[in-house]
Amino acid sequence: MKLIPLPAFQDNYLWLLHDGRRALVVDPGDASPVLAALDEGGLQLEAILVTHHHPDHVGGVDALRDATGARVFGPARERIPEPLQRLAEGDAIEVLGLRFEVLDVPGHTAGHIAYHCPDFEGAPLLFCGDTLFSGGCGRLFEGTAAQMHDSLGKLAALPGNTRVCCTHEYTLGNLKFATAVEPGNSRLIHYRQQCEQRRSRGEPTLPSTIALEREVNPFLRTRVPAVTQAAHAYNAADERDEVAVFAALRQWKNEFR
Ligand SMILES: [Zn+2]
Ligand SMILES: [Zn+2]
């Protein structure tokens with residue numbers, strides 16, 4: 001099977017997964033790159049998986065459903081173009097012979113969900129929308145720091161070899177911030193160099209993995225002394241309070257240039 005990040009807008013990826021015949025797409029904010037890829041590969045679109053309601057994630061849903069008859073899946077508690085099958089944590093769906101388990105990951109939006117496939121050609125796969133990015137996380141538009149911290153904790157607890165398919169190419173900006181938080185993290189310094197090389201060749205930095213994110217992503221490292229100390233230096237956050245550390249990091253990132 002093939003897993004392809006189709007670039008869209010400024011920095012979105014519309015993830016297309018196919019077996020040479022049938023395909024699924026995640027968060028199609030725009031129908032046209034998806035239709036072009038389906039046409040080029042002679043693929044039938046079977047399913048559209050939506051993580052949350054933002055226009056850059058759902059803008060192409062109606063056009064793709066109309067053009068292909070694909071089934072649409074999305075979060076139980078958000079306004080998504082109907083008709084669709086609504087999902088919440090504990091639900092599982094089968095698409096292209098793959099099982100996807102649903103996780104509730106509120107924070108970026110109130111009803112955000114993620115799709116976790118425990119076995120995609122021998123390793124797990126995660127579609128996490130705008131919750132987890134490589135080196136960073138989504139902004140808190142509708143949820144609290146405590147919710148987002150909890151959601152990221154769920155994702156960080158997935159197996160280390162889980163490939164992480166984020167929906168934006170924000171990696172370099174995130175790693176610049178991560179380096180300001182943890183200048184002495186050698187794994188981070190090395191990964192940042194790798195990503196700069198990939199971007200200079202015009203390649204995506206994604207997918208990432210959960211194991212890598214645990215080592216480089218400050219938002220998953222709210223117990224690591226270097227990170228808690230940096231958060232405390234930023235706004236006197238209580239170093240023993242993981243949510244306060246997370247909230248300090250999120251605030252700091254919002255202001256970081
Ligand atoms: Zn979003
Ligand atoms: Zn987005």
Side-chain angles (χ1 to χ4, degrees), residues 10-13 27 51-57 75 77-78 89 103-114 126-158 164-185 187-189 191-192 195 205-206 208-210 212-257:
Q10 283 283 89
D11 50 34
N12 285 67
Y13 290 127
D27 285 354
T51 64
H52 68 292
H53 69 86
H54 286 159
D56 62 314
H57 295 251
R77 286 177 286 274
E78 297 204 347
E89 185 152 316
L103 297 169
D104 285 331
V105 287
H108 176 68
T109 63
H112 200 304
I113 61 171
L126 174 69
F127 295 114
C128 52
D130 286 352
T131 299
L132 176 62
F133 295 122
S134 187
C137 72
R139 283 175 185 265
L140 304 179
F141 287 122
E142 299 172 12
T144 64
Q147 283 178 320
M148 189 62 148
H149 179 258
D150 189 52
S151 296
L152 291 171
K154 263 185 216 176
L155 301 183
L158 293 171
V164 181
C165 302
C166 321
T167 40
H168 290 273
E169 180 61 71
Y170 288 160
T171 312
L172 291 186
N174 286 338
L175 296 181
K176 186 178 173 194
F177 173 70
T179 310
V181 176
E182 258 192 298
N185 181 338
R187 184 74 189 86
L188 169 60
I189 293 162
Y191 177 55
R192 191 176 173 194
C195 290
T205 59
L206 304 168
S208 176
T209 66
I210 289 292
L212 174 63
E213 294 307 315
R214 285 188 208 131
E215 289 187 82
V216 303
N217 191 324
F219 296 96
L220 304 186
R221 295 168 63 76
T222 48
R223 264 184 301 214
V224 173
V227 175
T228 64
Q229 284 157 19
H232 180 77
Y234 172 72
N235 74 352
D238 180 350
E239 289 183 46
R240 291 154 305 180
D241 180 345
E242 280 196 64
V243 173
V245 169
F246 174 83
L249 293 173
R250 189 56 264 180
Q251 181 63 33
W252 183 3
K253 173 70 168 66
N254 290 349
E255 294 163 3
F256 186 79
R257 293 289 170 270

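Listed here is the closest heavy atom pair of Leu155 and Cys128: CD1-CB, 4.1 Å. Scanning both residues, Thr131 and Leu152, for their nearest heavy atoms gives O-CD2, 3.7 Å.
Looking at heavy atoms from C-beta onward, Val181 lies out of side-chain contact with Arg221 at the 4.5 angstrom threshold.
Using modelled atom types, one finds a donor on one side chain and an acceptor on the other under 3.5 Å when comparing His149 with Thr222.
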Exercise. Using the side-chain hydrogen bond (donor to acceptor under 3.5 Å, both in side chains) rule, take His52 and Glu142 through it: C-alpha gap first, then chi angles, then the decisive distance, then the call.
Key: CA-CA 11 Å; His52 68 292; Glu142 299 172 12; over 6 Å; no
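Between His112 and His54, a ring centre-to-centre spacing not shorter than 6.0 Å is recorded.
Salt-bridge annotation for Arg77 and Asp104: present, with a side-chain N of the basic residue lying under 4.0 Å from a carboxylate O of the acidic one.
Screening Thr205, Thr179, Asn185, Thr171 for a side chain to side chain donor-acceptor pair (under 3.5 Å) with Arg192, the sole residue that qualifies is Thr179.
The local environment of CZ in Arg223 is sparse, with at most 12 non-hydrogen atoms from other residues, nucleotides or ligands closer than 6.0 Å.
Taking the six-membered ring where the residue is Trp, Phe177 and Phe256 present perpendicular rings, their angle passing 60° and hence far from 30°.
Checked by atom type and distance alone, the side chain of Asp27 pairs as donor or acceptor with a backbone atom of Thr51 at under 3.5 Å. Remark: side-chain polar atoms of His108 are paired, donor with acceptor, to backbone N or O of Arg139 under 3.5 angstrom.
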